[in-house]
2 protein chains.
Amino acid sequence: MTLPLLDPETRLQGDDHEALRLWLRLFTCTTMVERTIDQVLKRDFGSSLARFDVLAQLDRAPDGLRMGELSAGTLTTNGNVTWLVAALEAEGHVRRRTAPDDRRATIVRLTAAGRRHFATMARQHEALIIELLDGLSATERRTMHSLLGTVKQHLRLERTA
Amino acid sequence: MTLPLLDPETRLQGDDHEALRLWLRLFTCTTMVERTIDQVLKRDFGSSLARFDVLAQLDRAPDGLRMGELSAGTLTTNGNVTWLVAALEAEGHVRRRTAPDDRRATIVRLTAAGRRHFATMARQHEALIIELLDGLSATERRTMHSLLGTVKQHLRLERTA
DNA sequence: GCAGAATGCTTGAAGTTTCAAGTAACGAGC
DNA sequence: GCTCGTTACTTGAAACTTCAAGCATTCTGC
């Protein structure tokens, strides 16, 4: 798990607004975690975070999901979900069929093999995240979770404004 | 600035470890901010967050930086920095030349035009970030900054371990 | 029911990022 | 001063992502 040395924060100067510093640190931490996870998923399962994300959603939906629901849930575009699902289908993790009530829509669901595959990945994924975020105490994690909740809500408002 | 509806968090179930919830929320917030910034930079300047990052580093280094220093500072790979710098050079924002003391190394520095271009972007970039993180009070931002500092330090340890 | 708008998804092209392999230059030890 | 290992960067292929355009289907108001 050898990553390049990453620290964009070092380039900040004294007069920068503190919001900028916060953002840079947020970005750095998230990216470091994201890459680590992505690398481990690639190395151990030949998968990726984007794929994992799709599978994770499907795992929660026994009746499957429409493409639109999938792309709403992942932080990615419509076209990309089409691409990801096509790849996952080619690998046998997922199956697509036309929705019975709306022939424009496609329903995607996990195959049995896909479900098993996801379960294995999920275990390791969770262990890794717990390890990576272990620098914070449980209380600190709660605080952070709550602060991020505020941020998220504000971002949602900004977007519609 | 119309973004798709994004909320991967909704798929969490009750029994998930809270570290997982924290990570998901961290990821969501960061991605939302990242996309917003990237879109604004693209729309208003035909640029991108990755380019901005490179320019920001060079702006702090009057004597220029080596390619390696650049890729260490941005959260991206060596090869990508080559690509980004080549594009920036083609646009006249940046100039490359061989290091006098080590002919393997390349030194990149901003042109006068590049510096002006960056200054304009930086102003808008900062204003946008202040707006996006405005959901938190100054105290909360400080708390978050400090918590993320702990996370970052832990991640750095994890990586070398 | 029918025209036109809206919706759900796919497609293809272009852009971006990574990865692995390659080239050139440096440096330590003989 | 040669040789081997290392370092700095570039390159080309492949993976992935986005974007805009397109197609089929459904919905709405007449």
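Quick caveat: nothing in here was measured; it's all calculated off a predicted structure. Side chains are part of it too, since the values below use all heavy atoms of this structure and drop only hydrogens, waters and symmetry mates. First the proteins, then the strands, lettered A, B, ... as listed; each starts at 1.
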Greater than 12 external heavy atoms within 6.0 Å of Arg95(A)'s CZ: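 No, because the 6.0 Å sphere around CZ of Arg95(A) holds 12 heavy atoms or fewer from other groups.
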Determine whether more than 12 heavy atoms belonging to other residues, nucleotides or ligands lie under 6.0 Å from atom CD of Gln153(A).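 Not more than 12 within 6.0 Å, no.
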Send over the distance from [X] [atom1] to [N] [atom2], rounded to a whole Å.
X: Arg51(B); N: dG15(C); atom1: CZ; atom2: P; value: 10 Å
X: Leu49(A); N: dT17(D); atom1: CG; atom2: C1'; value: 14 Å
X: Leu84(A); N: dC16(D); atom1: CG; atom2: C1'; value: 8 Å
X: Asp101(A); N: dT26(D); atom1: CG; atom2: P; value: 9 Å
X: Leu70(B); N: dT10(D); atom1: CG; atom2: P; value: 11 Å
X: Leu88(B); N: dG15(C); atom1: CG; atom2: C1'; value: 15 Å
X: Glu34(A); N: dT17(C); atom1: CD; atom2: P; value: 13 Å
X: Arg35(A); N: dT18(C); atom1: CZ; atom2: C1'; value: 9 Å

Judged by modelled atom types alone, do Asp53(A) and Thr74(A) share a side-chain donor-acceptor pair under 3.5 Å?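 Their side chains do not contain a donor-acceptor pair, so the 3.5 Å distance test is not met.
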Any [X] side-chain nitrogen or oxygen under 4.0 Å from OP1 or OP2 of [N]:
X: Thr77(B); N: dT18(C); answer: yes
X: Arg96(B); N: dC9(D); answer: no
X: Thr76(A); N: dT18(D); answer: yes

Under 6.0 Å between ring centres: does that hold for Phe45(A) and Phe52(A)?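 Centroid distance Phe45(A)-Phe52(A): not below 6.0 Å, so no.
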Taking the side chain of [X] as its heavy atoms from C-beta onward, which of [options] lies nearest to it?
X: Arg66(B); options: dT25(D), dC9(C), dA8(D); result: dA8(D)
X: Arg103(B); options: dT26(D), dC26(C), dT10(D); result: dC26(C)
X: Trp83(A); options: dA15(D), dT16(C), dC19(D); result: dA15(D)
X: Arg104(A); options: dT10(C), dT10(D), dA6(C); result: dA6(C)
X: Thr106(A); options: dG8(C), dC26(C), dT10(C); result: dT10(C)

Check whether any side-chain heavy atom of Leu26(A) lies under 4.5 Å from a side-chain heavy atom of Thr30(B), and answer yes or no.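 Yes, their side chains come closer than 4.5 Å.
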Electrostatic pair Glu18(B):Arg141(A) at N-O distance under 4.0 angstrom: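 Yes, Glu18(B) and Arg141(A) are salt-bridged.
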Base, sugar-phosphate or nothing for [X]? Non-hydrogen atoms, less than 4.0 Å.
X: Gly79(A); answer: base
X: Ala50(B); answer: sugar-phosphate
X: Asn80(A); answer: base

Residue met sooner reading DNA chain C from 5', once Val81(A) and Asp38(A) are mapped to nucleotides: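 This one resolves to Val81(A).
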Residue met sooner reading DNA chain C from 5', once Met67(A) and Lys42(B) are mapped to nucleotides: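 Here Met67(A) is the residue nearer the 5' end.
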